[in-house]
Amino acid sequence: MNAHFEVPVVWCKQKCLMRFFGHSEAVPINPLATRLLKHEHLVVRGPVQVVTRVEECFKLRAWATRAEVEDALENLGLSAAPIIISVGKRVPQQEIYTATANDLFAVRRCL
């Protein structure tokens, strides 16, 4: 599998894709997660992002709103679209996951 892959699931009674981000070919796929994804009764009831093994290398936290981050990264030309997750409670903070170390470097320079 490459760094990005998608798995078909049912969401709100419609077929859709669950997107996995940051999986390395050198790392075996989590067997429990694989069994769960193949389970016939798996139903996703809301937005889902599955992030695997990205935290170690390609993650950055920005103290900004999501709109500010998206605006700053709009025309950056990354190898894949970054994943932005809002994590701030009182102060706006975004965790940004990128596909490669070079992408993360470009994001750091941009922010």
Side-chain angles (χ1 to χ4, degrees):
M1 293 188 178
N2 295 325
H4 304 81
F5 65 98
E6 297 174 336
V7 175
V9 294
V10 175
W11 178 59
C12 296
K13 299 181 181 178
Q14 296 180 346
K15 289 185 179 180
C16 65
L17 296 173
M18 182 183 295
R19 188 168 294 150
F20 286 74
F21 183 90
H23 187 300
S24 169
E25 290 180 356
V27 178
I29 300 168
N30 182 325
L32 177 60
T34 303
R35 284 200 317 267
L36 288 172
L37 287 171
K38 291 180 179 178
H39 195 279
E40 62 188 40
H41 298 296
L42 173 69
V43 177
V44 180
R45 293 183 174 83
V48 173
Q49 290 181 328
V50 179
V51 181
T52 61
R53 296 191 55 79
V54 175
E55 298 88 348
E56 299 167 9
C57 301
F58 312 122
K59 175 180 153 185
L60 171 72
R61 182 172 289 188
W63 293 70
T65 65
R66 182 180 183 96
E68 291 169 333
V69 170
E70 288 174 345
D71 185 51
L73 304 181
E74 186 174 357
N75 296 314
L76 201 53
L78 301 176
S79 63
I83 292 177
I84 303 169
I85 301 173
S86 297
V87 294
K89 301 267 187 213
R90 295 183 191 154
V91 178
Q93 298 175 50
Q94 312 303 315
E95 285 188 351
I96 305 163
Y97 296 87
T98 62
T100 68
N102 287 337
D103 285 354
L104 184 63
F105 179 74
V107 168
R108 284 183 178 158
R109 299 278 300 171
C110 194
L111 297 175

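Quick caveat: nothing in here was measured; it's all calculated off a predicted structure.
- Panel note: side chain Gln94, backbone Ala64; a donor-acceptor pair is recorded below 3.5 Å.
- In this structure, the separation between CZ on Arg109 and CG on Leu76 is 11.0 Å, given to the nearest 0.5 Å.
- Looking at Leu78 and Val107, their side chains come closer than 4.5 Å, going by heavy atoms from C-beta outward.
- Asp103 places a side-chain N or O within 3.5 Å of a backbone atom of Ser79 that can act as its donor or acceptor partner.
- Rounded to the nearest 0.5 Å, atoms NZ (Lys59) and CD1 (Ile96) are 11.5 Å apart.
- Residue Val87 is grouped with residue Ile83 when hydrophobic side chains (ILVMFWY) are merged at heavy-atom distances under 4.5 angstrom, including chains of intermediate members.
- Note that the CG atom of Leu111 and the CG atom of Leu73 stand 5.0 Å from one another [nearest 0.5 Å].
- The two atoms that bring Cys110 and Ala72 nearest to each other are SG-O, 2.9 Å, heavy atoms only.
- The closest donor-acceptor contact from the side chain of Arg66 to the backbone of Ile84 lies under 3.5 Å.
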